[in-house]
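Numbered from 1 within each chain, the chains take letters A, B, ... in sequence-line order. Since we're looking at a predicted model, the values are computed, not measured.
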There are 2 protein chains.
Amino acid sequence: MTKYVKQTRILVAVDCIIFGFDGYNLKLLLIKRGFEPEKDKWSLMGGFVQSDEKPEEAASRVLKQLTGLKDVYMEQLLVFGEPNRDPIERTISITYFALVDIKKYEKQLSDDYRAEWFPLNRVPKLIFDHDRMVQNAKRKLRYKAALHPILFELLPEKFTIPQILTLYEQVYDVQLDKRNFTRKLRSTGLLIKQMDKDKENSKKGAFYYKLDKATYKEKFTKFLNFVSNPEY
Amino acid sequence: MTKYVKQTRILVAVDCIIFGFDGYNLKLLLIKRGFEPEKDKWSLMGGFVQSDEKPEEAASRVLKQLTGLKDVYMEQLLVFGEPNRDPIERTISITYFALVDIKKYEKQLSDDYRAEWFPLNRVPKLIFDHDRMVQNAKRKLRYKAALHPILFELLPEKFTIPQILTLYEQVYDVQLDKRNFTRKLRSTGLLIKQMDKDKENSKKGAFYYKLDKATYKEKFTKFLNFVSNPEY
DNA sequence: CCAAAAGTGTTGAACATACACCCATGG
DNA sequence: CCATGGGTGTATGTTCAACACTTTTGG
């Protein structure tokens, strides 16, 4: 059968907004662009969708290239498609956000792409419309995390309650009451208490917890309420 | 400057999942496809993104072509991009949902495209992956409408509380308590009571309301709670 | 006058918030 | 022994869900 005639074919790219949490700050992984235009400027990690590839496969591939990680939590966000967003040639970009455990990220790989983690409030100016992409992703992260337990994806396998608290405070830029927060968290049934403690951050030490994977999956679509009236 | 070499250019389309409400049932607007492949099969309304056009402009254009309506509530949903989803040539489709006041839709225009409204539970088999697109849009509609007052976009300028109740019941396929629902609705401050009544559906007659546009805009991003623990 | 739909009122339970205190321990 | 951060407990107000009754009017 014949092709669709007289229609414009367009370059399709993916761009990844990669969030990480180091225990203190929420961070964004950026790279220095290796080719023209805008060579050596800060940019999101991205790549073109190949001819035999689904967009989500392209996003996973790109993420793996940069971080060495697979099976990472990713979610499709907005498409950015203004005709002139890329000065070289029209390119439509599908954005994804990725939530990674920053400690699993292998430092040496970053050097290939000259990657760097930036605290969210110190992100440099980015190329093209990548600033808007980041804004949108931050907004979406807040929105989603207010209702679903996705922030656990940012934590290592073993984590403490004070760590989660800090994470939520970082994401929403608010102070939370640790007592009420702890109660809510425990009541979800998502946590399994471990026997050992993290003694790095305090003298008393804080118990480690693991995520109850079964409950996590089951309750993922249920609406939670860790943050009341979040701004997003 | 040179173009990006050796990359695949791909057809980019938009497909619109158009919801309407006739006072009794939630409906979907479909067309009979006018060209091969899959000519004369039921399909979503769609079109290719033109070379000078943003994707959202393409979606608005396509919607206007079919319904004659502009300034319609639209929202970008998922991108469907499997390499073989269109058998003729690879096409990536960006989906949008549109919420229209069914009464503003002019019947005669539909004939050009052989369009028809289908109650959501009687939607025929659609071409390609359009079934999945509809499923996704239904899910997203439920999700969004549980938290934000978007369903007002489906109602005419003047509407009654029993009408909104029916609408929510249709969307979530549940029975709601009219007393609790009415109280929640009134407490939002979104409604302005009119002096006249709709006498079509009951002997007593139900007061008309209008949407308070200012409050609507202001409260749009606030989380509401018309439906508790919605399935989505 | 009565059926059918609109509209108002009450109450107990669940949940959220605000706030105060004890615990463990490294230095 | 004390400063520091971890952890538990309680009282109060708000919100939600369950439920019963009155109002209006066309036929």
What is the distance from CZ of F181(B) to P of dA17(D), rounded to the nearest Å? 12 Å
Atom CZ of R186(A) and atom C1' of dG7(D) are separated, to the nearest Å, by 8 Å
Looking at residues 164-180 of chain B, who's got a heavy atom less than 4.0 Å off DNA chain C? K178(B), R179(B)
Using nucleotides 24-27 of chain C, report all nitrogen or oxygen pairs with the protein that are shorter than 3.5 Å.
unit_1	atom_1	unit_2	atom_2	d
dG26(C)	OP1	K199(A)	NZ	3.2

If I take atom CG in residue N201(A) and atom P in nucleotide dG6(D), what distance separates them, rounded to the nearest angstrom? 7 Å
D40(A): salt bridge (Lys or Arg N to Asp or Glu O under 4.0 Å) partners, not counting sequence neighbours: R114(A)
K193(A) NZ to dT8(D) C1', straight-line distance once rounded to whole Å: 10 Å
By nearest atom, which of the nucleotides dG7(C), dT8(D), dG6(D) is closest to the A206(B) side chain? dG7(C)
Qualifying salt bridge (Lys or Arg N to Asp or Glu O under 4.0 Å) pairs, either residue in residues 199-208 of chain A, two or more places apart: none
Output every pair passing ring pair (Phe, Tyr, Trp, His ring centres under 6.0 Å) with a member in residues 183-202 of chain A, not counting sequence neighbours, ordered by first then second residue. none
Indicate whether OP1 or OP2 belonging to dA17(D) is found under 4.0 Å from a side-chain N or O atom of S228(B). yes
With sequence neighbours excluded, residues passing side chain to side chain contact (heavy atoms under 4.5 Å, CB included) with K140(A): E75(A), L77(A), F97(A)
Atom CG of L224(B) and atom P of dC16(D): how far apart are they, to the nearest Å? 11 Å
F159(B) CZ to dA6(C) P, straight-line distance once rounded to whole Å: 15 Å
Could you pull out all residues at least two apart from R183(A) that satisfy side chain to side chain donor-acceptor pair (under 3.5 Å)? N180(A)
Which pairs pass ring pair (Phe, Tyr, Trp, His ring centres under 6.0 Å) with one or both residues in residues 186-221 of chain B, sequence neighbours excluded? H148(B)-F220(B), Y216(B)-F220(B)
Below 4.0 Å: OP1/OP2 of dT15(D) and any side-chain N or O of N225(B): no
Can you label the angle between the W117(A) ring and the Y105(A) ring as parallel, tilted or perpendicular, going by 30° and 60°? perpendicular
Residue pair Y209(A)/R183(A) against DNA chain D: nearer the 5' end by closest nucleotide is Y209(A)
Fit a plane to each ring of F226(B) and F181(B), take the angle between them on a 0 to 90° scale, and name the class: parallel (under 30°), tilted (30 to 60°) or perpendicular (over 60°). tilted
Rounded off to whole Å, could you give me the CD1-to-C1' distance for the I161(A) and dT8(D) pair? 12 Å
Sequence neighbours left out, what passes side chain to side chain contact (heavy atoms under 4.5 Å, CB included) with N201(A)? Give chain and number order. Y24(A), D198(A)
When rounded to whole Å, the OH to P distance for the pair Y208(B) and dA6(C) reads 12 Å
